[in-house]
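Just so it is clear, the model here is predicted, and its values are computed rather than measured.
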Amino acid sequence: MDMNLVKQYAEFAVKIGVNPQPGQTLIIRAPIEGAFFARACAEAAYAAGAKEVVVHYSDEKLSRIKMEHTAVEVLEDVKPWLQRSYLDYVESEGGACMLSISARDPEIYKGLDMEKIDRANQAAMKAQEEWRSYTMSDKVQWSIVAIPSAAWAGKVFPGAAEGEAQEMLWDAIFDVCRVKNGNVVSEWQAHVKKMTAWRDRMNALDLDSIRLQSANGTDLTIGLADGHVWEGAQSRTPEGYTFIANIPTEEVFTAPHRLRVNGVVKGTKPYVYNGNLIEGFSVTFKDGEVVEHSAQSGEALLGQLLDTDEGSRRIGEIALVPASSPINRRGILFYNTLFDENAACHIAFGKGYPGTVKGGTAMTKQELLAHGVNDSIIHEDVMVGAPDMTITGTTRTGENVKIFENGEWAF
């Protein structure tokens with residue numbers, strides 16, 4: 001790997017992605033294989049004025065061993081210290097922000113008991129609900145960035161030797177994250193400006209609903225939440241601190257109305273859920289709820305996802321991504337939602353972001369529900385965009401507006 005590009009990537013992820021402010025604590029979550037990258041991020045954070053950098057390391061191979069051999073009742077007993085380990089920093093003087101470094105094997109739990117995995121993950125999400133509300137509501141800066149692991153690279157490039165596969169994945173990440181051209185900051189400034197223009201155009205349309213259509217059978221009408229707001233590129237905390245939640249990002253997104261989604265939608269890329277793959281799915285909605293579902297592989301897993309809780313059969317996000325996005329043009333299936341969701345339009349089963357309705361970050365859960373924003377313990381993005389996708393919007397005054405034509409923005 002090019003260590004100069006690695007350093008630039010780390011500095012960008014910290015200074016532009018998560019954007020720690022002087023006096024803040026930066027919490028970094030990293031796999032043990034990514035310790036070298038966590039150190040580079042720590043150096044960048046201290047240079048930016050961070051008060052402290054706190055690193056939490058994880059070991060997914062150990063997680064698999066634990067998942068395989070530990071009783072599910074023990075896995076569900078998530079101790080409160082885990083959530084407090086984040087809240088204590090957020091609530092302290094100066095506050096905190098978070099950078100998550102992803103390098104996960106997409107099939108780390110392949111072959112294990114899916115129900116056990118699901119129960120353990122649900123318990124973990126419920127136990128961290130208060131902390132998740134900080135990130136879901138943009139109360140703190142947060143960002144996710146990825147680096148190659150041997151297992152992940154081997155899945156993306158199965159015909160390559162281990163070291164070669166990781167080099168190839170580094171090259172792909174540098175490419176789609178706009179690191180390779182020598183000035184990552186200026187590249188991202190131009191990208192954010194373009195995405196902001198699309199976001200502002202969508203907000204100016206004052207839409208009531210959008211309709212997604214593709215030759216593969218997708219024909220889905222999505223009513224939008226009351227007072228919905230289209231977001232994209234940078235997010236902003238209540239203090240006005242900007243951050244980029246996902247690196248890379250190509251999406252302009254908002255909240256569907258949880259009761260006003262109807263039709264059929266087809267999955268266009270495999271989706272990794274609980275360390276296993278769901279491929280070739282088809283989902284039918286009626287009045288916002290999934291009433292039929294199937295998949296070419298992973299159908300039982302899809303069913304578990306949809307049965308997580310009362311809100312998991314409804315969607316909390318619709319995101320528009322052009323087929324010309326760098327991730328899609330690269331022609332690689334990353335087997336990582338962080339990248340694959342930015343290759344295609346997608347929906348998210350489960351919880352909606354409060355910031356996607358006007359004043360939503362100050363609303364209670366019941367107020368958000370009344371505006372149509374879905375609630376759930378999960379938020380799972382699945383890709384539904386196709387190269388021939390047409391998206392038509394209907395304004396609140398009944399006018400039809402072409403938004404996407406052949407998978408691309410129509411304006």
Discussion item. I'd like to know whether Asp118 forms a side-chain hydrogen bond (donor to acceptor under 3.5 Å, both in side chains) with Gln122, so could you lay out the CA-CA distance, the side-chain angles of the two residues, the decisive distance to 0.1 Å, and finally the verdict.
Written reply: CA-CA 6 Å; Asp118 203 41; Gln122 286 184 42; 3.0 Å; yes
Worksheet item: Any ion pair linking Lys79 and Asp77 (charged N to carboxylate O, less than 4.0 Å)?
Response: yes
Worksheet item: Any side-chain heavy-atom pair from Leu82 and Trp131 closer than 4.5 angstrom?
Response: no
Worksheet item: Of Arg132, Lys351, Glu317, which is the lone residue that meets side chain to side chain donor-acceptor pair (under 3.5 Å) with His379?
Response: Glu317
Worksheet item: Are Glu76 and Arg119 ion-paired here, with the side-chain N under 4.0 Å from a carboxylate O?
Response: yes
Item to complete: Please assess Asn246 against Asn342 for the test side-chain hydrogen bond (donor to acceptor under 3.5 Å, both in side chains), listing each intermediate value before the final yes or no.
Response: CA-CA 9 Å; Asn246 292 343; Asn342 285 290; 5.9 Å; no
Item to complete: Identify whether the distance between the nearest side-chain nitrogen and carboxylate oxygen of Lys365 and Asp375 falls below 4.0 Å.
Response: yes
Worksheet item: Between Thr364 and Gln366, does a side-chain hydrogen bond (donor to acceptor under 3.5 Å, both in side chains) hold up when you go through it step by step?
Response: CA-CA 5 Å; Thr364 65; Gln366 290 305 313; over 6 Å; no
Worksheet item: If you measure from the Lys or Arg side-chain nitrogens to the Asp or Glu carboxylate oxygens, is any gap between Asp2 and Lys7 under 4.0 Å?
Response: no
Worksheet entry | Residues Glu129 and Lys126 bridged, charged N to O under 4.0 Å | no
Worksheet item: Can a salt bridge be assigned to the pair Lys180 and Asp171 using a cut-off of 4.0 Å between side-chain N and carboxylate O?
Response: yes
Worksheet item: Is any side-chain N of the basic residue among Arg330 and Asp175 closer than 4.0 Å to the acidic one's carboxylate O?
Response: yes
Discussion item. Side chains of Glu231 and Thr356 only: does a donor on one sit below 3.5 Å from an acceptor on the other?
Written reply: no
Discussion item. Is the ring pair Phe404/Trp409 parallel, tilted or perpendicular, if the boundaries are 30 and 60 degrees?
Written reply: perpendicular
Worksheet item: Should Met389 and Thr268 count as side-chain neighbours, where that means a heavy-atom distance under 4.5 Å?
Response: no
Fill in: Whether over 12 other heavy atoms sit under 6.0 Å from Glu93 CD
no
Worksheet item: If you measure from the Lys or Arg side-chain nitrogens to the Asp or Glu carboxylate oxygens, is any gap between Arg313 and Asp307 under 4.0 Å?
Response: yes
Worksheet item: Any side-chain donor-acceptor pair under 3.5 Å between Arg29 and Ser100?
Response: yes
Worksheet item: Just one of Asn328, Leu333, Val176, Val156 clears the side chain to side chain contact (heavy atoms under 4.5 Å, CB included) bar with Phe339, so which one?
Response: Val176
Response to the item:
Output for pair (Ile391 CD1, Glu405 CD), nearest 0.5 Å, gives 10.5 Å
Worksheet item: Can Glu367 and Lys358 be counted as an ion pair, charged N to O under 4.0 angstrom?
Response: no
Fill in: Arg84/Glu91 salt bridge by N-O under 4.0 Å criterion
yes
Discussion item. Taking atom CD as the centre, does Glu310 end up with more than 12 heavy-atom neighbours from other residues, nucleotides or ligands that are less than 6.0 angstrom away?
Written reply: no
Discussion item. For the residue pair Lys139 and Tyr134, would you count it as a cation-pi contact if the rule is NZ or CZ under 6.0 angstrom from the ring centre and within 45 degrees of the ring axis?
Written reply: yes
Item to complete: Would you mind checking if Arg236 and Asp138 are paired as a salt bridge, meaning a charged N to carboxylate O distance below 4.0 Å?
Response: no
Worksheet item: Do Phe12 and Trp188 make the cut of ring centroids closer than 6.0 angstrom?
Response: yes
